[in-house]
Structure formats: C-alpha cells, structure tokens
Enquirer: 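Below you'll find the structure I mean.
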Amino acid sequence: MEKVEVLRQYFGFSSFREGQQTLIDAVLAGRDVLGVMPTGGGKSLCYELPALLLPGLTLVISPLISLMKDQVMALQNAGIPAGCIHSAMSVEELREAYRDTRFGAYKILYIAPERLLTDDFCALAQELEISLLAVDEAHCISQWGQDFRPSYLKILDFLQKLPRRPALAAFTATATTQVRSDIVRILQLQDPVTVVTGFDRPNLRFEVLRPQDKRRALLELLEERRDKSGIVYCATRKGVEQICELLQSSGFAASRYHAGLSPDERRQNQEDFICDRCTVMVATNAFGMGIDKSNVSYVIHCNMPKSVEAYYQEAGRAGRDGAPADCILLFSPGDITTAKYLILNQTENDELTDEERQAVQAQDLIRLEQMTGYCKTTGCLRGYLLDYFGQPHAPRCENCGNCQAEYDLQDLTREAQMILSCVVRVRTRLGYCVGTALLGQVLRGSRAARVRELGLEDLPTYGLMRDLPAGRIRELLELLEAGGYLQTDPVHGGVDTTPQAAEVLFHGQRVEVSVKRQPLQDQPARGRAKAKAERPKKAEDDLLAALKALRLRLSQEQHIPAYIICTNATLLDMAARRPRTIEELLEVSGIGQAKAERFGDAFLKELEHYEQTHGRNAP
Ligand code: ADP
Ligand code: MG
C-alpha cells in the first residue's frame, strides 16, 4: 500500500501536515530522524504511519502510562494492531502482551522506558524483528529539558543489547538548541534527517491579564465559555482545591487533578474530563502530558508557570483540533515569588546529585525570568513566544491580547526620575542592588526595621513617593523594567538601572510608556458575559450539537473517550459536508475505514434525521 492510501484508509486524512511527509519518507528509507514540532503538530503520525508499512515491529518509547493507553486505544479504534507494556499492568495482562508481541500480533508496541531493561523484555526483544525505535517526548533525555527522566538513558543500553540496531526516530516539542543537540548526542542518532516545523499555532489567541481579583476574573472568563471544555491551571495543590470548589459552587461542572490525590481519583477525574462529563479541569502541571483531548477550547493559568516551555506546552493543549481557542494567563507579581519558591524547593526529581540540582536550579531561574518577561511585555505575545523558540515572525499577529489591546500613553517622566535615582542611591549606599519590595519601602518612606537597619532612612529619595499606594509603585517599577530602564538579576532579584536610565537622569529624556487597558476591570462584571450569551444561536450550531450529542452517546455506550471516536474538527467538517453515503462519509477529515465501519451508520442516520427535520438546504 502507498503511504497516501494508508493515511486515508487508517487515519482518515487527505493530506500531510507540515514536516510529516519528509519525516515519514526518511523513516521508510531506514534513516534516523529528529522531528521537532509543536504540541498538536502531529508527531505521532510520523511513526504510526511508517509502522504499518515497515516489516516487523515498531517500538515506541513514551514517558507516561496515561499517554500510552490513550494512544493505543486510538490506534486500535482506527483498526491498527497496537499494544503496550508498562508497570501499571497486572502480571496476567503483561503475560498476554508478551505473548501477543511474540506472535507478531502488533505492528506498534508502546513501552515505558523503565521496562526496557527487564530480563523478560530483553529476552523477547532478541526474537523480534524491530524495524523502528521511536522515542516520543525525546527531550526527557536531556537534563536541560524541563522534564529530565533518567530512565530515558536506558534506551542506549537497550539498543546495545539488540542483535541489530533499528532506525531511530526521536520527537519532541522542545525546540531550544541545547535540548535538540542533547537528543542527537545522547541517543547517538546517525546523520539524522531533522525537521523543525513552525511553532506558531495561529488558532490560539494569547492574552495576559492582571486582574485585581483573580477569582472574580476567572468566573467571568468561564461564564463566557459555559458550553465549552477547558483547563484551569494553578501553581499549587491548595490552589487547585480552592479554585475547584469555587467553580463547583458557582455551578460549573468542574473536576480536579493534582499529585496529592489517590491514583483512583486521578484516573476517574481525568476520564470524566476526557469524556466530557465534566467541562472544566482544575489542575496543577501534573495534569496534561498524556491528554490529547482535541476539543479543549481554552487554557487559563491562574498563576504564571515556571518557564516559557512549560507555558507553551500547557497552553498548547488548547485548540488541538485547529478550532479557535484561548490561552489566558492571569498574572500577579506574587506569582514570581511562588514560582521561585517552587524552583528552590524542588524535590520531585531525587534522582539528581547536588551538583546537578544546582545547575538545574540556576537554569530554572533564568527560564523563570524569561517567563516573567512574557507577562510584562507590551509587545506581541505570539511574537515573544516565537522569539523564544527562535522562529522568525511578523512584528504583530493581531490575534493576541497585546496586539488587540487599547493603550493609553502615559507620561511617567517625573515618577521615573524619582524611582531611577532611588535605585542609584540605594545601590551606591549599600554597594549592591536590592529587590523591588525594599525599593518600594524606601520610596514610600516605610518605617520597616530593614529600612532602618540598612540606614536607608536618610537617603534624599526616602519617602519621595509617600502618597502612592504600594501597588502603584510596584507597577511603576515594572513599567520601567518593561521599558528597558531597569533590569532585575534573575538569580538574586536585585534591581539595577540600565544605560538607558542615564538618559533620563542626566540628559532630560522623557519617559512615555503605553499602558494597556485591562479589559476585565474596565467593564462591569456582568456586562461582558451577557453580551455574549444573548447572541442568537446560529442554526448550523444545531447540527453540530446533534452530532456532538451522538458522539457522547456512542462514547458512553462503548466506553471510549468521545475524542477518540472523532475530534471536533471532524464533526465540523461532517456538518459542513453532510455526507449521505459511506463513500461520502470517508471524505470527511479524520474518518478512516475502521471508523466509518464502526460509527458510520450512526452518523449517517443522525445527518439524515437532521435533513428530514430541517430540509436539505437548511443552513
Ligand atoms: P503531537 O505532535 O502533539 O504528538 P499528535 O500526534 O497528538 O500531536 O496530533 C495532534 C492532532 O492532529 C491529532 O488529533 C491528530 O489526529 C491530528 N493530525 C495529525 N496529522 C494530521 C493530518 N495529516 N491531517 C489532519 N489531522 C492530523
Ligand atoms: Mg505527542
């Protein structure tokens, strides 16, 4: 069979996405490959499709069991023989999986890295014809990555035990050059065909908000999205508990997920979310790596994450089906303190030596600083993210909170002169730079013990901004940093002036900054939500709603997640095409042979019913 036929028949797609064809061709030609594509870019297809055309077995290393189970279920549902081996399986299940593998029942076998070197599996591997070893989430092999897993290093030992080295295919969404070169070096990829595709996700709209009251802001945002599915991320378990309670008591079908819950509850809650029994998942970053749910239409962060990589990966769980989706970050300066605390008190990874841990921490603090920059920038948010991943882009995307925001030009020359000279004087007096909290105290003329102990009371700038609230001074400090007049040391947090500040202090340069209007604060709480809710429901939504309801029913009857039956993008395409026969149904994006056979009749019947009640020419 030709690869295009496999694409159509098994996966139901009519064309490849960017990068897929090059990678698939290389894999089929027996080459090693490295695929760097954003989350949702379609990395799995690059090894799943060749697996069907190559002789023997394709082995896939994947870090998370939930991820694995999901993928295997999706493949089986598409009529592709796939299995998995991981530590959450019973002895009986494992025995069965080994037997099936030995008899060649699978074309694709997923395995957790820590199982590779078990005696049983090593012995079995000797007998198998392994054509391809695919390493998913390959950044886990690098200690510079955000998710270092020492068990990934076992892949090398495993390869050495094989009678013949299969082709290696590594995939990741982490694009920093250091991680990329680590993957090639540590996995010893041989002259790999490397494809780095665009990191842009045009259907995602990015926004950073600074609400006075995050809880209220969150409720407003969700009110506008009641009929949609989404994820709300919090930095801590306690945050998850509180927000989940808040949402439930406001009538949202919310569930929760964090590492402190029992495995049973986590499994149950995750399933409720995936099967759309609950619409909002409130979670820590422990949630999501294995979640390929395609109809997540918003991801809201209640706290700033620790790095741009982490943010882009978490936010990227929205809009996988290509439909418009929102990625909103609710920022407050306190988030920086929380994130620093989490970095300095990290205990998750006790596989590291002290030295490794220190190196990782220093790296983490620099990443945090870059993440903070995202929250503070007044430039294009998409541009900021793409810059981070080293990808060229247009100066403005016109689809982010900053490009669309209204700005007020504020003349801050006087305030800037006061603040900048205070920074200089404190530094001269102490011989080192101090953080924003202490600077604020000096400017406000605080009687705090620390100010007195350091002898800062008799500085001429002491109490210069006595009349301003602490929050306003903090805001001004941030504006001056965003404007390039101040810089913060990522490790110690000390604030210092930049050369540009000298222009203001000594050469009379004016300071005018554009200050974003905060959408959630300018309008009365109810106004926004109402305006949306009253929009007349379009007739075409009826058909989509009917198809979704059918999908939910099938999912409940057959105990498979709704998105594995088909994605929202598929339902949208189906509603637009309105197929009447199985042949026409196969034209719908995402419907392959197996799905058409299994669910085709049900969908066709629903479509027919719609036409009978609405007429063929109904909108
Ligand atoms: P990731 O790169 O994050 O691993 P996935 O492999 O999970 O991404 O793919 C994300 C989504 O894109 C899935 O729903 C998948 O079915 C869909 N997809 C992959 N390739 C194509 C294609 N060629 N045409 C249409 N949809 C595709
Ligand atoms: Mg993936």
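When a ligand or atom number is given, it counts from 1 through the structure's own listing order. Residue numbers run from 1 in the order of the sequence given.
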Enquirer: Any ring-ring contact (aromatic ring centres under 6.0 Å, His included) involving residues 303-327? Give me the pairs, sequence neighbours left out, ordered by first then second residue.
Expert: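 As it turns out, the ring-ring contact (aromatic ring centres under 6.0 Å, His included) pairs with a partner in residues 303-327, which skip direct neighbours, are H301-Y311, Y311-Y374, Y312-F389.
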Enquirer: Which ligand 1 atoms are under 4.0 Å away from a heavy-atom of S44?
Expert: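 Near S44, the atoms of ligand 1 are 4 (O), 5 (P), 6 (O), 7 (O).
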Enquirer: Is the positively charged end of R226 above the ring of F252, judged by distance under 6.0 angstrom from the centroid and angle within 45° of the axis?
Expert: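 Yes, R226 and F252 form such a contact.
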Enquirer: Looking only at heavy atoms of G41, does any of them come nearer than 4.0 Å to an atom of ligand 1?
Expert: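 Under 4.0 Å: yes for G41.
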Enquirer: Which option out of G42, G322, G19 puts a heavy atom nearest to atom 9 (O) of ligand 1?
Expert: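 It is G42 whose heavy atom sits nearest to atom 9 (O) of ligand 1.
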Enquirer: Can you list the atoms of ligand 1 that are under 4.0 Å from a heavy atom of R320?
Expert: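 Matching atoms, with element in brackets: 3 (O), 7 (O), 8 (O), 10 (C).
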Enquirer: Check each heavy atom of M37 against ligand 1 and say whether those closer than 4.0 Å belong to the side chain, the backbone, both or neither.
Expert: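 None of M37 does.
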Enquirer: May I ask whether S15 places a heavy atom under 4.0 Å from ligand 1?
Expert: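 Flag set, S15 near ligand 1.
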Enquirer: Within the structure, does S294 bring an N/O atom to less than 3.5 angstrom of an N/O atom in ligand 1?
Expert: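 No.
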Enquirer: Would you say E557 has more than 12 foreign heavy atoms packed within less than 6.0 Å of its CD?
Expert: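 Count over threshold, so yes.
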Enquirer: Give a yes or no on whether the ring-centroid distance for F158 and F121 is below 6.0 angstrom.
Expert: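 For F158 and F121, the ring centres are under 6.0 Å apart.
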Enquirer: With heavy atoms under 4.0 Å as the rule, classify the contact between P38 and ligand 1 as side chain, backbone, both or neither.
Expert: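 Only the backbone of P38 comes within reach of ligand 1.
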Enquirer: Would you confirm whether R31, through its side chain, and D25, through its main-chain N or O, come within 3.5 Å as a donor-acceptor pair?
Expert: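 Not a single qualifying donor-acceptor pair exists.
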Enquirer: Under 6.0 Å from the ring centre and within 45 degrees of the ring axis: does the NZ or CZ of K228 meet both conditions for the six-membered ring of Y298?
Expert: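 No, a cation-pi geometry is absent between K228 and Y298.
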